[in-house]
Amino acid sequence: MPTVAQTLQERLLNALAALELESGDSAQVVPTADPRNGDYQTSVAMVLAKARRENPRALAGRIAEKIDMAGIGPAPEVAGPGFVNFRLEPEFVAQKLVAVSEDPRLGVEKVANPRTLIVEFSSPNIAKPMHVGHIRSTILGDAIARIARFLGHQVVTDNHLGDWGTQFGKVIYAWKHFRDEAALEAHPMAELVRLYREADLQSKRDAGVLEQCRLELVRLQKGDPENRAIWERCVTLSRREFAAIYKLLGVEFDEQLGESAYDVELPSMVERLLAKGVAEISEGAAVVFDNEISETPFMVRKSDGGFGYATTDVATLEYRVKRWNPDGIWYVVGAPQQLHFKQLFGVARRLGYKVDLEHIAFGSILGEDRKLMRTRSGESVPLRELLEEAIDRAGKLVRDKNPALPDDESGEIAKIVGLGAVKYAELSQHRLTDYVFSWSKMLSFQGNTAPYLQNAYVRSRAIFRRLDSPFRPPDRILLAEPAEQTLGKEILRFGEVVPAVLDGFKPNVLANYLYELAAKYHVFYEQCPVLTAEGETKASRLLLCDLFSRTIKTGLMLLGIEVPERM
RNA sequence: GCGCUCGUAGCUCAGCUGGAUAGAGCAAGGGAUUUCUAAUCCCUGGGUCACAGGUUCGAGUCCUGUCGAGCGCGCCA
């Protein structure tokens, strides 16, 4: 089913062809910013007039005259410096809504050419706590993967676990010297974290400890059985902890291949890079130079013979290409690593890989003091505690506002609202801006927040619970009130917005749309009573409510956010 | 020093790849409710889009420079 913008563009292109005007890709039809200028507009006349040295308004007039608006709306108007403005007649909107209502995809078409895409995100480090720093990657990556999949792409999500890094030198050293087996049984993650911190602290004070940590790492990477056994136990314990968090968040992965999965490939891969002349030896290390990117080398083998994550990332890329032959590999990793990814992609190009590589970068989470978010004691905030606090705070709100709800239901709602608030706070913001974490803002029922959107959904569902007989979508509807028409047109935009999210990887485009949609529903809700209406008016309003609830539920689902039926 | 990402209302942020008089929420003030969940809606005030040039019919958006912030720059990830 074509979107409204596509339908209008088709009519526009026909008109341009009839006038023998070459428009290239300038014949874009977009929604207007201001309803006074109609519903959709195109600036194609101004673009063409420039190239042809014609008067833009006159050309716009000739184009507008040629556009066949039969069944859509009145003749387009020429306005301002040469815009062509389109208005949709209520009957067209009504017919389109009935059609969308019969479509389980709500007017979102699948892409014509599905691609195979690897999306790497979350990527926490084993034996280190998952903290707020990981939440953006997890939530953003999950949303992008969901949307890509919904659009028909073949998506493989991969949690690239940091299970082979230098932190293991410290963990193993501490394991051997300060392990408390009882604590490990009772609170495995807390004990692992304590061990890491202990070794980290001591190695900062004592260079000898640091050296011993390094040696433990070398032993592990050379296959020492004792260290290997310790490592395996750490991995098992950490993965169990991560799995609990992912389950709470509703995030699933197709693969969870850690860095260690590529370890055996590293030595030969570096030799190959050297043989091809991509890498060279410098100061005893194997490095790749690309001065067009940076003077900083990309180090694929340290002078002590060890390998860092740069090497692993090249090997991972090769593995993915071999195994899935993907069209794209998307890395959802923080903005500070931009140089690393530029260099990695540069190496991939020099190795001849044609796959579309994208670093989907994002900014940091700040505390209300505008500095990196920390606990009172200056450490990063453990993710689990943060999520539990979100659920806790949401629970208090729900019980406060709706004390009549049974306990188990209000607990379930608290989870949906609390987690939704955290996720939505991330996703409603442009991914590159550092954002300020604020409980009161994300849990507010006013403004661009998850609870506001969830409440709009709940209000729409409440109507159906009060219906005497089951709702049957009508074959035709009538949109008489301005609030009905405004809401209807906004619902129709869903099919335009969802695909646009992948254009620049901006889930906030979808989030902002859903906010506008909810706001328009609220206006409709205030102005147009449903249950007390009669006949065709009632049927039309019920259809709007039904479509609204399905659209906002689907939209939030694409962001990884659930909706409650009551709250 | 070099590089990356930014700088929009008092605060937190949008701004749909260059379009019309730059928009929301919070905060401030005023109004609407015997409710389909007021957990909402409506109205009012609030701006040199950091600054200076340039590109063009048109710049918050693109290019150059300046100032300011955050981050990154060989053996951490």
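Treat the numbers as computed from the prediction; the structure is a model and nothing was measured. Here is how names work: the chains are called A, B, and so on, in the same order as the sequence lines, proteins then strands, and each is numbered from 1.
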Give one of base, sugar-phosphate or nothing for [X], where a contact means two heavy atoms less than 4.0 Å apart.
X: Pro451(A); answer: nothing
X: Val530(A); answer: base
X: Gly80(A); answer: base
X: Cys213(A); answer: nothing
X: Pro336(A); answer: sugar-phosphate
X: Gly162(A); answer: nothing
X: Ala79(A); answer: base
X: Asn402(A); answer: base
X: Asn85(A); answer: base
X: Phe437(A); answer: nothing
X: Asp34(A); answer: nothing
X: Ser303(A); answer: base
X: Tyr515(A); answer: sugar-phosphate
X: Arg566(A); answer: base

Expressed in whole Å, how much space separates the C1' atoms belonging to A50(B) and C43(B)?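 It works out to 33 Å between them.
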Does a donor on one side chain sit under 3.5 Å from an acceptor on the other, for [X] and [Y]?
X: Asn448(A); Y: Tyr424(A); value: yes
X: Glu198(A); Y: Gln202(A); value: yes
X: Tyr452(A); Y: His522(A); value: yes
X: Asp163(A); Y: Ser260(A); value: yes

For RNA chain B, the expected dot-bracket line (Watson-Crick or G-U under 3.5 Å, [ ] crossing, | inter-strand) is (((((((..((((.....[...)))).(((((.......))))).....(((((..]....))))))))))))....
For the pair Asp400(A) and Lys396(A), find out whether any cationic side-chain nitrogen is under 4.0 Å from an anionic carboxylate oxygen.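 A salt bridge is absent here (no side-chain N lies under 4.0 Å from a carboxylate O).
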Round to the nearest Å and state the distance from [X] atom [atom1] to [N] atom [atom2].
X: Gln28(A); N: A20(B); atom1: CD; atom2: C1'; answer: 18 Å
X: Arg399(A); N: A39(B); atom1: CZ; atom2: P; answer: 18 Å
X: Lys204(A); N: C76(B); atom1: NZ; atom2: P; answer: 14 Å
X: Asp503(A); N: G15(B); atom1: CG; atom2: P; answer: 13 Å
X: Leu502(A); N: C16(B); atom1: CG; atom2: C1'; answer: 14 Å

Can you say whether a donor on the side chain of Ser282(A) sits under 3.5 Å from an acceptor on the base of G74(B), or the other way round?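 Indeed there is one.
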Under 3.5 Å donor-acceptor pair, Gln41(A) side-chain atoms to A20(B) base atoms: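 Checked by distance alone, the answer is yes.
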Under 4.0 angstrom between [X] side-chain N/O and [N] OP1 or OP2:
X: Asn37(A); N: G19(B); value: no
X: Arg466(A); N: U37(B); value: yes
X: Tyr452(A); N: C41(B); value: yes

Of all heavy-atom pairs between Phe242(A) and Met130(A), which one has the smallest distance, and what is that distance?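 Looks like CD2-SD, 3.7 Å.
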In terms of base orientation, is U17(B) syn or anti, with the syn window spanning 90° either side of 0?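 U17(B): syn.
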Give the B/S/- string for nucleotides 4-12 of chain B, one per nucleotide from 5' to 3', where a protein heavy atom under 4.0 Å of the base yields B, of only the sugar-phosphate yields S, and otherwise -. SSS-----S
List the residues meeting ring pair (Phe, Tyr, Trp, His ring centres under 6.0 Å) with Phe121(A), not counting sequence neighbours, and say none if there are none.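 Phe253(A).
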Asp39(A) pairs by salt bridge (charged side-chain N to carboxylate O under 4.0 Å, His left out) with which of Arg87(A), Arg493(A), Lys489(A)?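 Exactly one candidate clears the test, Lys489(A).
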